[in-house]
Every structure is written in C-alpha cells, then in structure tokens.
Amino acid sequence: MCRSNEGLLISLYFLFERCGCADEWRMSAVKKAKRALSLAQSIVRDIEAGRHNPGDRLPREDEMLARYEVARATLREALRFLELQGVIHLQLGRGGGPVVARPQTGDFASSLSLILHFMEADLRGLLELREAIAPDVAGYAAQRATTADLSALAGCLAELRHHEASDQFEELNRRFHDLLGWASGNPLFGLLTSAMHLLTREFSHSLGYSAQERAVQMKFLVRVLEAVRTGDSAAARQAMSRLVAGSAVYLSERSPELVSQRVRWGQL
C-alpha cells in the first residue's frame with residue numbers, strides 16, 4: 001500500500017472515531033478480511049477438485065471475478081493470502097497471474113516461528129520437543145521404512161562419515177534426521193522434524209559440535225540405522241533416545257546462554 005493510501009485510511013479512521021463510527025469501520029474491515037479468507041478457501045477447494053498440479057495456471061482475473069462473484073479487491077486479497085501460504089505464486093508480466101504451487105516445509109516453519117516468537121519459546125523448548133518425539137520417529141521408521149528410505153539414509157550416513165571433521169557435518173546430521181522423519185511413514189513427523197531443524201539452524205551454526213561429540217553422534221546414528229534396517233523398533237527407539245538426550249545435555253552444558261535464546265520470526 002502506498003503512503004498516500006495509508007494516510008487516507010488513517011484520516012478516515014480518525015474521522016469515523018470523531019463521529020462515533022470507528023467500531024462500525026473496524027467491523028467492516030473484519031468482514032472484508034473474512035470474505036477474502038472464505039474466497040481463499042474456495043479457491044483451494046477448486047484447486048483440489050480440479051486436480052491442479054504445481055505449475056498449472058489458474059483462470060484469469062476477470063474469469064475468477066465472474067466465477068466467485070466478488071469484488072476485485074477481495075479477490076486480490078485472497079490471492080495474496082494464498083501466495084503467503086505457499087499455495088500459489090503470482091507471476092508478473094504479460095500472460096502472468098496465479099500459478100499453482102505447493103506449501104513447503106519452509107512455509108510451515110515460518111508460520112510456526114511467528115507463533116513461537118509471541119509465545120517467547122526458546123531453543124531449550126525445541127530441544128525438549130525433539131527429545132520427546134525423535135525416539136518414536138525412529139521406532140516407526142523401523143516398522144515402515146521403504147527400500148528407497150533405507151538407501152537414502154545409508155547414503156546420508158556415508159556422507160556424514162566422509163565429512164565428520166568438516167563444516168558440513170551439522171547440515172548432514174539434520175538431513176539424516178529429516179530423512180528418518182519422512183521414513184516414519186507419517187508425513188506429520190517428517191514435517192515437524194524438518195521444521196524444527198529449520199528453526200534451529202541458526203542456533204547450531206553459532207555452536208557446532210566438538211570432534212568428540214561428533215564421534216558420539218556418529219556411533220548412535222550407526223546404531224539407529226542398523227535398527228531401522230533390521231526392523232527393530234525397540235532398538236531404534238533406544239539408540240535415538242540416548243542420542244538426543246546426550247545431545248541436549250551437551251548443548252546445555254557447552255552454551256547455556258545459547259539454549260536460552262528465544263525463537264525469533266524471520267531467522268529462517
């Protein structure tokens with residue numbers, strides 16, 4: 001919104017306030033927002049019903065206005081909301097318009113970080129959450145991992161061995177846990193695991209693991225993968241439980257001030 005429009009809205013607000021109509025003005029704004037949200041939900045249902053794939057174009061603006069029978073401002077607000085959620089992207093220029101996308105883990109992590117920001121959550125809270133769910137994720141992976149999952153995990157572990165002493169260790173470590181989350185057969189575990197790693201990436205870049213801690217992590221990752229490969233859920237849970245508990249203790253003892261840092265929206 002340009003500054004002249006912002007000034008006009010502020011002037012209108014105080015005018016309404018002076019004449020006792022501010023509450024009515026606010027209610028009107030809320031109703032417009034609700035109409036845009038309702039329209040966004042309708043567009044999502046139509047995308048799903050039409051079996052649109054990422055990259056497919058949605059109808060032109062005039063066609064959408066006729067279909068949904070809404071004001072142009074309402075349609076544009078609904079499309080901007082969907083773009084922020086990663087459902088579409090708005091392509092500019094001739095032949096542009098709304099193009100179907102798919103919300104990604106980063107979209108979820110960004111929304112989650114905004115909520116955690118106002119909840120004043122810190123890294124310790126994320127570590128406790130990881131400690132609570134990671135063993136079960138490993139246990140489910142032992143029951144459900146596919147041949148492709150096992151191959152990806154083995155490849156990642158091989159890269160970890162190769163880069164145990166390099167700066168890539170932390171990123172590859174997160175990737176192994178991400179793969180394990182998706183190998184659990186439950187996309188919610190995969191989504192939450194990957195989102196937590198995005199939220200904690202900046203923290204881990206500030207800390208890093210010592211050579212001794214990296215060796216300990218490697219030992220337990222090997223045990224986790226072997227348990228997953230053989231379908232031993234109990235062993236997978238036990239190895240992962242020891243890994244994440246030990247990692248949390250290590251981080252808390254090495255850098256207590258870092259563990260106490262709050263999650264900030266926009267750090268992804």
Side-chain angles (χ1 to χ4, degrees), residues 44 54 82 84-87 101-146 148-150 152-153 156-157 160 169-207 209 217 220-221 223-225 227-228 233-252 258-268:
V44 167
L82 292 177
L84 287 172
Q85 300 300 315
V87 177
R102 282 290 182 273
Q104 302 296 313
T105 303
D107 299 308
F108 172 69
S110 179
S111 297
L112 181 59
S113 71
L114 179 58
I115 295 170
L116 295 177
H117 182 120
F118 283 102
M119 292 177 66
E120 300 185 359
D122 57 16
L123 177 58
R124 180 176 287 105
L126 292 174
L127 291 174
E128 289 174 355
L129 178 60
R130 177 182 178 231
E131 198 171 344
I133 70 169
D136 281 337
V137 169
Y140 283 119
Q143 297 172 14
R144 302 169 178 171
T146 65
D149 291 328
L150 293 172
L153 286 164
C156 186
L157 189 62
L160 269 166
F169 181 84
E170 282 82 4
E171 192 63 36
L172 288 168
N173 194 355
R174 280 191 293 273
R175 182 180 160 206
F176 183 93
H177 288 277
D178 288 345
L179 291 170
L180 198 65
W182 295 104
S184 71
N186 185 334
L188 296 178
F189 280 140
L191 180 64
L192 189 55
T193 301
S194 296
M196 283 195 296
H197 289 151
L198 288 174
L199 292 174
T200 58
R201 175 176 286 165
E202 288 303 315
F203 295 113
S204 62
H205 284 169
S206 302
L207 181 62
Y209 290 113
Q217 297 237 346
F220 283 110
L221 288 175
R223 292 181 183 178
V224 168
L225 180 56
V228 170
S233 295
R237 284 188 172 91
Q238 182 181 43
M240 182 58 75
S241 180
R242 293 182 64 183
L243 190 158
V244 294
S247 177
V249 170
Y250 170 82
L251 294 174
S252 296
L258 182 65
V259 172
S260 299
Q261 284 188 20
R262 287 169 49 185
V263 176
R264 297 289 183 183
W265 185 51
Q267 286 183 333
L268 301 184

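From a predicted model like this one, the values you see are computed outputs, not experimental measurements. In this chain, residues are counted from 1 in sequence order.
A 4.5 Å side-chain heavy-atom check between R124 and S260 finds at least one atom pair inside the cut-off. Taking 4.5 Å as the limit, every side-chain heavy atom of E170 sits out of range of all side-chain heavy atoms of Q217. Two residues are said to be in side-chain contact when any heavy atoms from C-beta on lie closer than 4.5 Å; E131 and V244 meet this criterion. A 4.5 Å side-chain heavy-atom check between N186 and R144 finds at least one atom pair inside the cut-off. Annotation: side chain of L258 is not in contact with side chain of L251 (no heavy-atom distance under 4.5 Å). At least one side-chain heavy atom of H177 sits less than 4.5 Å from a side-chain heavy atom of L243.
For S252, there are no side-chain hydrogen bond (donor to acceptor under 3.5 Å, both in side chains) partners at least two apart in sequence or on another chain. Partners of L191 under the side chain to side chain contact (heavy atoms under 4.5 Å, CB included) rule, at least two apart in sequence or in another chain, are T105, F108, W182. The side-chain hydrogen bond (donor to acceptor under 3.5 Å, both in side chains) test applied to S233 returns Q143, not counting sequence neighbours.
Closest non-hydrogen pair, R130 versus P135, comes out as O-CD, 4.3 Å. Between L153 and A183, the shortest heavy-atom distance links the atoms CD1-CB, 4.5 Å. The two residues D178 and H197 make their nearest non-hydrogen contact at OD1-ND1, 2.6 Å. Of all the heavy atoms in A142 and A236, the pair that sits closest is CB-CB, 4.2 Å. The two residues S111 and Q85 make their nearest non-hydrogen contact at OG-OE1, 4.4 Å. The shortest heavy-atom contact between A109 and L199 is O-CD2, 3.7 Å.
The residue from L221, T193, L225, V228 that alone fulfils the side-chain contact (heavy atoms from CB on, under 4.5 Å) condition with L180 is V228.
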* To do: Kindly determine whether L126 and L116 satisfy side-chain contact (heavy atoms from CB on, under 4.5 Å), including the steps that lead there.
  => CA-CA 10 Å; L126 292 174; L116 295 177; 4.1 Å; yes
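A donor-acceptor pair under 3.5 Å links the side-chain atoms of S184 to the main chain of G181, judged by distance alone. In this structure a side-chain-to-backbone donor-acceptor pair under 3.5 Å is missing from D136 to I133.
If you take CG on L112 and CG on L198, they are separated by 10.5 Å, rounding to the nearest 0.5 Å. In this structure, OG1 on T200 lies 12.5 Å from CD on Q261, to the nearest 0.5 angstrom. Between Q104 atom CD and S110 atom OG the span is 13.0 Å, to the nearest 0.5 Å.
Counted by atom type alone, D149 and T146 present one or more donor-acceptor pairs between their side chains at under 3.5 Å.
Around CZ of R242, the count of heavy atoms belonging to other residues, nucleotides or ligands within 6.0 Å does not exceed 12. With a 6.0 Å radius and a threshold of 12 heavy atoms from other residues, nucleotides or ligands, Q238 has its CD atom at or below the threshold. Under a cut-off of 6.0 angstrom, the local environment of CZ in F176 is crowded, with over 12 non-hydrogen atoms contributed by other residues, nucleotides or ligands.
Ring-plane geometry between F169 and Y209 is classed as perpendicular, the angle between the planes exceeding 60 degrees on a 0 to 90 degree scale with a lower cut at 30.
With respect to the salt-bridge test (charged N to carboxylate O, under 4.0 angstrom), the residues R201 and E171 qualify.
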